[in-house]
Every structure is written in C-alpha cells, then in structure tokens.
Amino acid sequence: MTEMGNQSIRPLVAGASLALFLTFTINGFAAGKLQIEREIALDSTKPVPVSISGFSGEVRQVLAFDLEVMGCRIVGEDQAAYQVTGQFTGRLEGYLRAGEKYLLSKAFTGAAPRALAHAFADEVVEQIHGVKGIARGRIVFKNRTQRSGEIYVADYDGHNAMPVTRDGNIVAAPAWGPNNSRLYYTSYVRGNPDIYVQEYATGKRQTLIRFAGSNLTPVPSPDGRRLAMVLSKGGSPNLFVSDINGQDLRQLTRVKAGVSTPTWSPDSRWICYVSRETGPARLFKIRVDGGGAQRIQTVGVYNCTEPDWSPDGKTIAFTTQRGGFQLCTVPADGGQVEQLVAGEDPSWAANSRTIMFVKRRSDQSYYLSLLDVPTKQVKDVPLSLGNASQPAWAR
Amino acid sequence: MKKAVSLKLFVACLAVVVATTGCRTKRPDKNITPIPGVSGVDVEGPGAGGTLDDGVGNTPAIDPGRSVLDGGLPGGYQDSGFGGTGTTSLPPIEPLPIPRPMVDSGNDGTADMAYDIDGETGMSKDTGAFAANTVYFGYDSSVVRSAEIVKLDEVIQILRTQSQYKIIIEGHCDERGTEEYNRSLGERRANSIRDHLMNAGIGAERIRTLSYGEDKPKDFGHDEAAWAQNRRGEFILLKPRR
C-alpha cells in the first residue's frame, strides 16, 4: 500500500487486541479533490474482522460469503475493523466504515439482489485490500455423473449453475476463451477425446482438433491469440500450440514420458506444464516462440501436477500428491514451495489471491471449494451438483 | 484540536460538493431498469442527522439527485470528497445469458495421418472379443508387465490373420491421480500396448488409442482391489460391416 505525501496522520486504533492499525492521511483539499489514503499495517495472513448490519436474508448471506471468501471474518460490530452497513429495498444502499470514517457510500441497482450484493462486496473488498474483488466472477467446470458428464457455467459461488453441453458423454477440462465469449473443452461425444470450441451465447459448437488419440486440455492464451493443448497424435501426449482457431499447429515438446495440463504466463509468452521426463511429475516451462524447456524448481515437493499461473504472473499454484492431494504455490521462477490446504486442481481468480479448487468426499466424488491464499481460509461452494471438478474462472 | 476543526471543515465542504455534483447528465442504459420513486427522495445514510465526527454534518449521503443510471463503468466515484462517495450503476452486470445447447457445425479438425477415425463409420465394434485379454498395470505405470504380455498374443494373432480388422486400445486409470494427469497416463498405457502390437507387425493405421483417464472405472470401489481392476488397457475389435 503506497503512502502519499502525508501532512497529518491520525491513527485510529480499531481494536488493540487485533493488532491492527488504520492510519489516515489527509492530503489536502485542492481543486475540490480531497484524497484520503489509508495505510493498513496488519498481518496479512489474518482475516480482517468486518461486521455487517442493516442487511438480512439473501443479501446478507451473499455479503458474508463474499467477504469471507476474500479474506475477511464476520464479527460483531465492536470487534470489527470495518463496519459494513446499509439496507436493501430493491436497491442496495451500502456503506463501509472504519470506525467513524466512511470509506464507501454507494447505491446499487439494476440487477438481481445477489448481483447487487456481489457488486457491493467487491467494492468493500477493494477498499479493504486495495485490489478489485472477484465476487462477480463466473466459473466453468465439469460435473460428472457415473458414466458421463456435462460442462456447466455458474456464478463463482455456485449459484445460477447451467449446463452448456447436453451430450450425455464424457467431457473434460473446460476453459474460457477470449473475452469470455467462448468455451474450449474436450468431449468424447464423437467417440474420441476431441477439442471443441463453443460460443457461449449461441451454443454454436465446432470441432477444433480431432486426431486419433488424445486431444486434451485446450487453454487459450491470455492475449486471445493462441491455444495451448496436449495431443498424442499417435505418440506420447505432448504440448502443442496453435492459433486460436486451431490452425498453424506446432509441437513444442517431444517427451516420451508424456506431458499434461498446460497453463499460460499472463504475458502469453510462456507455457508451464507437467512432464515426467525426469522421473516423477514435475513442472516445466517453455517459450512459445522457441527455446528449450526449463525446469521450475519446486523445493520441498516433487510430484507436481495441474499448474495454474496467477494472473499477476508471480505465482504458480499446483497440486502435489503425497498420500492425499495438496494444494501448493511456488514463485513462478521456481523456489520454495508453500503447501496450502488439502485439495487439487487450483484455478486463480482475477485478483491473484482467491483460488477455486476441488475437494473429494469420502466416496471420492468431487466438489468445489474456495481458498483465500494469504489467510488460508477455505469456503466450500454451495453447489447442488454432486460431482463437480475442473473449475476455471472467467478472467 | 486543530485536526478536529479541519475535519469538520472537510465534512462541511464535502456536503457542498456532494450536493453540487448531484445533477449530472443522465445517459440511459438499456441494461438497467430504473427504480421508480427514487429520484428526488433524500436518502440519508445511517446516523443521518447524527454525527460524523462531533456531530458536524451528516453521514455522507447517497446522492439522490443523480440517477443510478449513469451508465458509466463503476465510476460512480466522483471527485466529490473521499474515494467512496456517490452512486454507482452496474453496467457490467450482464444478465447471464442462457447457454444454448451446442449445435455442431461439422467443421472438423484435420485427421491424423496414421489412422482415419472417420473410417470407423463403416465398421462395427466388438467389445467382447477380447474381454479376457484386458491388460492390467501397476500404480502410475504404463509398462506392460511380462505376465500381461501373453494376453497380447491372441490379439496379435487375430489382427494378423484378419487384415480387414482394426483395433481400439482403451487406456484407463484408477482414481488416485489428478484428472488430466490420468488422461495422459491412460494414453501412455494404450501407447505401450500399441507399441507391442506394432513390434509384432501390426500397422499403425489399424490401431487407435483412446484414453479415458479415470472417467470409466470398471470397479466403482475405492480400495486397492478396485484400483487394480481400473488400471487397465481394453481392446475393442473393429470389423467391417457386411
């Protein structure tokens, strides 16, 4: 958090037991513009205590869920560093205070109550953390039945879930395309795992890649120009890249032991993937425009799969397997691994802070959950579908 | 307390600024339905008439004069005081379009050179022919164990004598790997079996590998006995239809 030319500082102890200080710097009053820059010096691994009053029912539930997902903890007003107040009467009037200071005062209308609450929660979180909230995000995922499955989209909290395929066949690894207007995925509907692209709004679908063998994990680059994928094409599964329409296909790796699960760097120049070329599954990265593969060191763990590169480029989340599955992060250039929580298949939200991931029930069915990485708080997604996995955020 | 005085001044000025920015041009936004009865009604914040810092000035009120239908991006933020005052509309909330079921356009990717998938349309699938020849694998392994290799002899024999036949090798995994890792592992298992068939002289154009990863377990249990059944390669014999 930056500090701007501070003339006067007025510390406000919001709760000594919380070891949390809010400092307001009033910057002067020039050209009708007054800026307050607050500086929060707090332990970022601890959830921020926030109270909610004035709201009830669904709106309150949504606010509480969103804030808890994004690193807050809902407490009584007297213990809160920030107070969320307001009312909902068809339109949502929302305020955010830190003690006596009003940080936010806005009305929201023009959408369903849940959407209004998500929008308010996002602004509250932006005030608290300085990073845009992700409560209005959408996800795509796979829901498996015993012998088949379908691709679904939903709000990030599992509401408004709707199928986008109705094939009654096996599907895999959905991903959002450019502008979140298209979905890429693998389906077995024509008797082979082929790669499809489907327009989200119209449902129009096209077979993009169909070679004998495996055509897996299509992942559009963040700049929307290219598609990374794993194809076997009659050999070991290897990393390929094409243009966004599946043309101009190039093979990037030639690994007999096989590769899986590519993920793009945010600048669309690198692809990180999993390879077994040196024994156990490890993370590698390769330049799209040529150059050899480089190992990404993961100090502390060796069995790594399902990498997902954070949108800010700094961190790669992945799954490791040692007995059970464990979510981990490692700096994108490699280094010491941080083990987070039990789970698999992480997907970063746009804030590079929230991760959606998959947990297994005792009967081995899957469900979706959300992790706030700094605080390690976990909130399960209240989804009524029984076997949801492979989530991907629209970013 | 000089600070307190300046703060009161700030709050007073704030009220003025909020009031003066209250009548901005409204741009209609077709995505948003206006809420009737809002305009002109003073909306007061919590503690209205109450205090913000020593009872001077009201809580920053939501600006009622400006419609919520500004249509701009979350820019309800005006320069009218501190960062968070104002009213915001929500243009980026598009109602989630109802996803349509997919419509195939029939535009295929290129076919593999070695094996013509679409040539299978004229063939029937016999899943029972080699039911006894299913090959089982070790945990996280794609090596065909020596004890399993003998099961391939019958498959090779039939393919040698019936040159019009083709074969699909399905690769499967237990549930203990991650999903796409397993799909890759299933492909490698099918590949291992195919390599044996090719070494025995069966042409690549007659063999298709098909990995299901962990998606098609043979045994739905969750113990080693079930997993051992699920780490497998199965054969589907393709015969020309008469």
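The basis for the numbers below is simple: all heavy atoms, side chains too, and nothing from hydrogens, waters or symmetry mates. In what follows, chains carry the letters A, B, and so on, assigned in the order in which the sequence lines appear, proteins first and then strands, with residues in each chain numbered from 1.
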Partner chain B: residue of [options] with the largest heavy-atom pair count (under 4.5 Å):
{"options": "A:Ser236, A:Gly246, A:Ala172", "value": "A:Ala172"}
{"options": "A:Gly191, A:Gly324, A:Ser362", "value": "A:Gly191"}
{"options": "A:Ser260, A:Ala281, A:Gly258", "value": "A:Ser260"}
{"options": "A:Gly149, A:Ser53, A:Ala257", "value": "A:Ala257"}

Portion of A:Val197 that has a non-hydrogen atom of chain B nearer than 4.5 angstrom: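 Contact with chain B involves no heavy atom of A:Val197 at all.
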Atom group of B:Arg194 that falls short of 4.5 Å from chain A, counting heavy atoms: side chain
Enclosure of A:Lys256 NZ (heavy-atom neighbours >12, cutoff 6.0 Å): no
Straight-line distance of B:Tyr212 OH to A:Arg147 CZ, nearest 0.5 Å: 11.0 Å
Atom pair CD (A:Gln364) and NE2 (B:His222), whose distance is rounded to the nearest 0.5 Å: 5.5 Å
Salt-bridge criterion met for A:Lys142 and B:Glu179 (N-O under 4.0 Å):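 The answer is yes: the pair qualifies as a salt bridge.
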Verdict with reasoning, A:Ile170 to B:Arg183, per side-chain contact (heavy atoms from CB on, under 4.5 Å): CA-CA 12 Å; A:Ile170 292 169; B:Arg183 215 174 300 279; 4.2 Å; yes
Donor-acceptor pair between B:Ser211 and A:Ser214 side chains, under 3.5 angstrom: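 Their side chains do not contain a donor-acceptor pair, so the 3.5 Å distance test is not met.
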No-hydrogen, no-angle side-chain donor-acceptor test under 3.5 Å, B:Glu187 and A:Ser232: yes
With B:Tyr181, the side-chain hydrogen bond (donor to acceptor under 3.5 Å, both in side chains) member among A:Glu344, A:Arg276, A:Glu306, A:Gln321: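 When A:Glu344, A:Arg276, A:Glu306, A:Gln321 are each tested with B:Tyr181, the side-chain hydrogen bond (donor to acceptor under 3.5 Å, both in side chains) holds only for A:Arg276.
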Expected output: side-chain B:Arg188 to main-chain A:Pro237 donor-acceptor under 3.5 Å: no
Validation row: B:Asp118, A:Arg210 side chains within 4.5 angstrom (heavy atoms): yes
Sub-4.5 Å side-chain heavy-atom contact between B:Glu214 and A:Arg144: yes
Shortest non-hydrogen contact between B:Ile117 and A:Ala212, atoms and distance: CD1-N, 3.5 Å
Among the listed options B:Asn191, B:Thr209, B:Asp140, B:Thr178, the residue most often paired with chain A at heavy-atom distances under 4.5 Å: B:Thr178
Test log, rule side-chain contact (heavy atoms from CB on, under 4.5 Å), inputs A:Asn192 and B:Arg208: CA-CA 10 Å; A:Asn192 195 66; B:Arg208 173 154 76 99; 2.6 Å; yes
